[in-house]
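Basis for what follows: all heavy atoms, side chains included, without hydrogens, waters or symmetry-related copies. First listed ligand is number 1; within each ligand, the first listed atom is number 1. By convention here, the first residue in the shown sequence is residue 1.
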Amino acid sequence: MTTMTRPRRAEATALRRARGVVVLTGAGVSVESGLRPFRGADGWWRGHDPTRLATPEAFAADPALVSEWYDARRLAALAARPNAGHHAIAALERQVVDAGGRFVLLTQNVDGLHRRAGSERLVELHGSITVWRDHRSGRKVTPGPVPFRSYPRPGPDGGWLRPDVVWFGETLPAEAWSTAEAALAWCDLFLVAGTSAAVHPAAGLVGRAARAGAVTIEVNVEPTPAPVQQRLIGPSGEVLPRLVEEAFGVEPTA
Ligand code: BJW
């Protein structure tokens with residue numbers, strides 16, 4: 001395993017030669033857009049630990065509190081702009097696909113910034129914070145970009161609106177998860193960026209990719225338990241554009 005702050009020729013060459021690229025991202029990729037990570041002191045909200053709020057049990061016990069937290073995060077996501085890391089991943093997709101390769105971006109993020117940066121082959125493993133659903137009927141709605149008038153907000157079918165995200169103890173959307181698992185069969189390079197690699201089943205993908213023979217590279221401000229061969233230490237908004245530029249000679253732009 002190697003650790004460095006600048007992409008070396010080896011990582012850039014591996015990326016350029018790869019015929020099947022999978023990227024897995026987490027909250028750290030959106031930190032440079034001004035959004036909070038999930039874990040650590042920066043993720044806490046009004047004295048509440050996010051890992052305790054992101055559960056069906058928390059919503060059942062206090063739907064007003066959980067809805068207000070998610071509404072604040074929804075509005076922050078809508079107001080945020082994709083950063084250089086999001087744009088570099090979108091540029092990477094274009095390079096790989098234009099060269100006839102396969103690509104998928106698996107994101108644990110619910111903020112929608114990858115799509116807004118131009119990523120198309122995108123799977124949102126943990127759903128979306130901009131879409132909400134009636135907790136009884138499951139009917140989906142997309143609220144406007146203003147705060148809810150009250151918390152919890154009534155849904156269209158007599159329940160409360162809850163965000164269309166995956167909470168602890170809930171299963172990931174079946175189609176999203178089967179796309180992720182299928183990608184392990186064709187992936188020869190697995191790039192993991194801005195995730196603590198603490199939450200399963202997403203966190204297990206990188207080890208499975210490595211066991212299947214893929215080159216594995218992590219981009220993070222600090223090393224994580226992800227079992228990767230190479231670690232690039234630094235903010236994804238700086239490291240990812242450099243990596244894509246070294247691999248393909250293109251400067252990712254907004
Ligand atoms: C930067 C940076 C910069 C900062 N540049 N980097 C196997 C073993 C043990 C437990 C389980 C298991 N399988 C399932 C479980 C249970 C559970 C789980 O994983 N628990 C663990 C905590 C132990 N998983 C589930 O319940 C999942 N469901 C499931 O498996 O169903 C079947 C089942 C059910 C019941 C029992 C068993 C099986 C569902 C998981 C859903 C997770 N949902 C959340 C909330 C989504 C909505 C929301 O956003 O509120 O998803 S939790 C939260 O964690 C969110 C994130 O997507 C996810 C991952 O967090 P992420 O993205 O990694 O963020 P952080 O904050 O943790 O890390 C940020 C990183 O960025 C850090 O590393 C920084 O260093 C770095 N960084 N700035 C680059 N500029």
Numbered in order shown, the ligand 1 atoms found under 4.0 Å of a heavy atom of E222 are 75 (O)
Say whether A54, considering both its backbone and side-chain N or O atoms, lies within less than 3.5 Å of an N or O atom on ligand 1. no
For R17, the salt bridge (Lys or Arg N to Asp or Glu O under 4.0 Å) test, sequence neighbours excluded, returns none
Protein heavy atom under 4.0 Å of atom 69 (C) of ligand 1: yes
In the complex you have, is atom 2 (C) of ligand 1 within reach of the protein, judged by whether a heavy-atom distance drops under 4.0 Å? yes
Sorted by first residue and then second, give each ring-ring contact (aromatic ring centres under 6.0 Å, His included) pair with at least one member in residues 71-128; sequence neighbours left out. H86-H114
Does E57 form a salt bridge (Lys or Arg N to Asp or Glu O under 4.0 Å) with R52? I'd like the steps, not just the answer. CA-CA 9 Å; E57 293 77 17; R52 293 188 173 271; over 6 Å; no
Look only at interatomic distance and state if P235 has a nitrogen or oxygen under 3.5 Å from any nitrogen or oxygen of ligand 1. no
Please could you name the atoms of ligand 1 that Y70 approaches to less than 4.0 Å, counting only its heavy atoms? 47 (C), 48 (C), 50 (O)
Numbering the atoms of ligand 1 from 1, which are under 4.0 Å from a heavy atom of V165? 47 (C)
Is there a polar contact between ligand 1 and A27, counting only N or O atoms under 3.5 Å apart? yes
Just to confirm, does any protein heavy atom lie below 4.0 Å from atom 74 (C) of ligand 1? yes
Relative to each other, are the rings of F168 and F38 parallel, tilted or perpendicular (30° and 60° limits)? perpendicular
Would you check if F190 and V228 make a side-chain contact, meaning some heavy-atom pair closer than 4.5 Å? no
Atoms of ligand 1 close to V110 [distance to a heavy atom under 4.0 angstrom, numbered from 1]: 49 (O)
N or O contact, L172 vs ligand 1, cut-off under 3.5 Å: no
Atom 33 (C) of ligand 1 touched by protein heavy atom at under 4.0 Å: no
Heavy-atom protein neighbour under 4.0 angstrom from atom 38 (C) of ligand 1: no
